[in-house]
Amino acid sequence: MRIALGQLASGHDVGANLAAIDAFAGAAAEGGAQLLVLPEYATYDKKVLDASFPEVAEPLDGPICLALAETARRHGIALVAGVVESSDEPERAYNTLAAFAADGSRLASYRKIHLFDAQGYTESRFIKPAPTADPVLFDLGGVRFGLMTCYDLRFPELSRALSDAGAQVLLACAAWVPGEHKTNQWLSLTAARAIENGLYLAGACQSPPNSIGHSIAVSPMGTSLQQLGTEPGLAVVDVPVETINTTRAAFPMHRQRRLR
């Protein structure tokens, strides 16, 4: 499985964001990738969490997701991107990951469970949490992927639930807010979630100034396979899923753990 990480610097111009995504999709497909992973809020800037989020929110069959589906279909590549989905509350939207197959059909959608009410932000004021904490996964090319969004990384029980449900690769789509120690925390948490579950993690993050960049792919042993810096860009990585079996044979934590 070849995966591409697309690191964006999304702004308020949704059309420009979609054009950047389309360019990444084309480049990733030319590089042989089967899946393009894009950040949280890929289609809309999150510099300020305000009432504009529910104003730009759309249903998953609205124009933005239709454009993402068409990008996937035109370039023949599956993609996962963060969108702002309308909810039944006019004042709050969902922070949602939408996954599309290479034919444009929707593979899955995941509404963020853990909202970023931290570091001076109050995401829950304008974003509604998922109504359930059920893990969301999809299958592609014989590989099972689990979906997570940004702040979810700080809650290891979600990655464990995804692993228990058969995830072989965790996709962590983020707009990781900058601050003291934040880059180290992002790199440490992505590695920890991969190591403790014996799987791969592909983390796509927005670029500065609103986020930290450093999109990363991590092996089941915690090794960085690819890592971007702070500028927008694309990284492609091969994920040999057979490594999961050898890692879990060496460290059989799944059958050894006593707390559930």
Where do V177 and K182 come nearest, in terms of heavy atoms and distance?
O-NZ, 2.6 Å

Do C65 and V83 pass the side chain to side chain contact (heavy atoms under 4.5 Å, CB included) test, and can you show the C-alpha distance, the side-chain angles, and the key distance before you say yes or no?
CA-CA 8 Å; C65 281; V83 301; 4.3 Å; yes

Does S124 offer a backbone N or O that forms a donor-acceptor pair with the side chain of D117 under 3.5 Å?
yes

Using only atom types and a distance under 3.5 Å, with no angle test, would you say the side chain of T247 pairs donor to acceptor with the backbone of M221?
no

Just checking, is any N or O donor in the side chain of Y44 or N17 under 3.5 Å from an acceptor N or O on the other one?
no

Looking at R160 and E157, is any side-chain nitrogen of the basic one under 4.0 Å from a carboxylate oxygen of the acidic one?
no

Answer yes or no: is there a donor N or O on one side and an acceptor on the other, between the side chain of T230 and the main chain of P208, under 3.5 Å?
no

Around R125, counting heavy atoms of other residues, nucleotides and ligands shown, do more than 12 lie under 6.0 Å from its CZ?
no

Going by salt bridge (Lys or Arg N to Asp or Glu O under 4.0 Å), K128 matches just one of E89, E85, E91. Which one?
E89

For V80 and A99 the tightest heavy-atom approach is CG2-CB, 3.7 Å

Between atom CG of N197 and atom CG of D164, what is the distance when rounded to the nearest 0.5 Å?
8.0 Å

Kindly give the heavy-atom pair with the smallest separation between L36 and L234, and that separation in Å.
CD1-CD1, 3.8 Å

Looking at L153, is its backbone amide N or carbonyl O close enough to the side chain of R193 to form a donor-acceptor pair, meaning the two atoms are under 3.5 Å apart?
yes

For P209 and P178 the tightest heavy-atom approach is O-CG, 3.6 Å

Main chain of D22, side chain of R74: is a donor-acceptor contact present, judged purely on distance under 3.5 Å?
no

What one should report as the nearest heavy-atom pair of G179 and Q119 is CA-NE2, 3.9 Å

Is there a path of hydrophobic side-chain contacts, each under 4.5 Å between heavy atoms of I, L, V, M, F, W or Y residues, that connects V169 with V237?
yes

Is a donor on one side and an acceptor on the other found under 3.5 Å between the side chain of T71 and the backbone of A67?
yes

Check ion pair D103-R73 (N to O, under 4.0 angstrom):
no

Under 3.5 Å, is there a donor-acceptor pair between the D152 and Y110 side chains?
yes

Rounded to the nearest 0.5 Å, how far does CZ of F145 lie from CG of L107?
10.0 Å

W186 side chain vs H214 backbone, donor-acceptor pair below 3.5 Å:
yes

Over 60° means perpendicular and under 30° means parallel, so tell me whether Y41 and F53 are parallel, tilted or perpendicular.
perpendicular

Between Q206, Q226, Q7, Q227, which is the residue that forms a side-chain contact (heavy atoms from CB on, under 4.5 Å) with S215?
Q7

Taking all non-hydrogen atoms of both residues into account, name the closest pair between L147 and L162 and its distance.
O-CD1, 3.6 Å

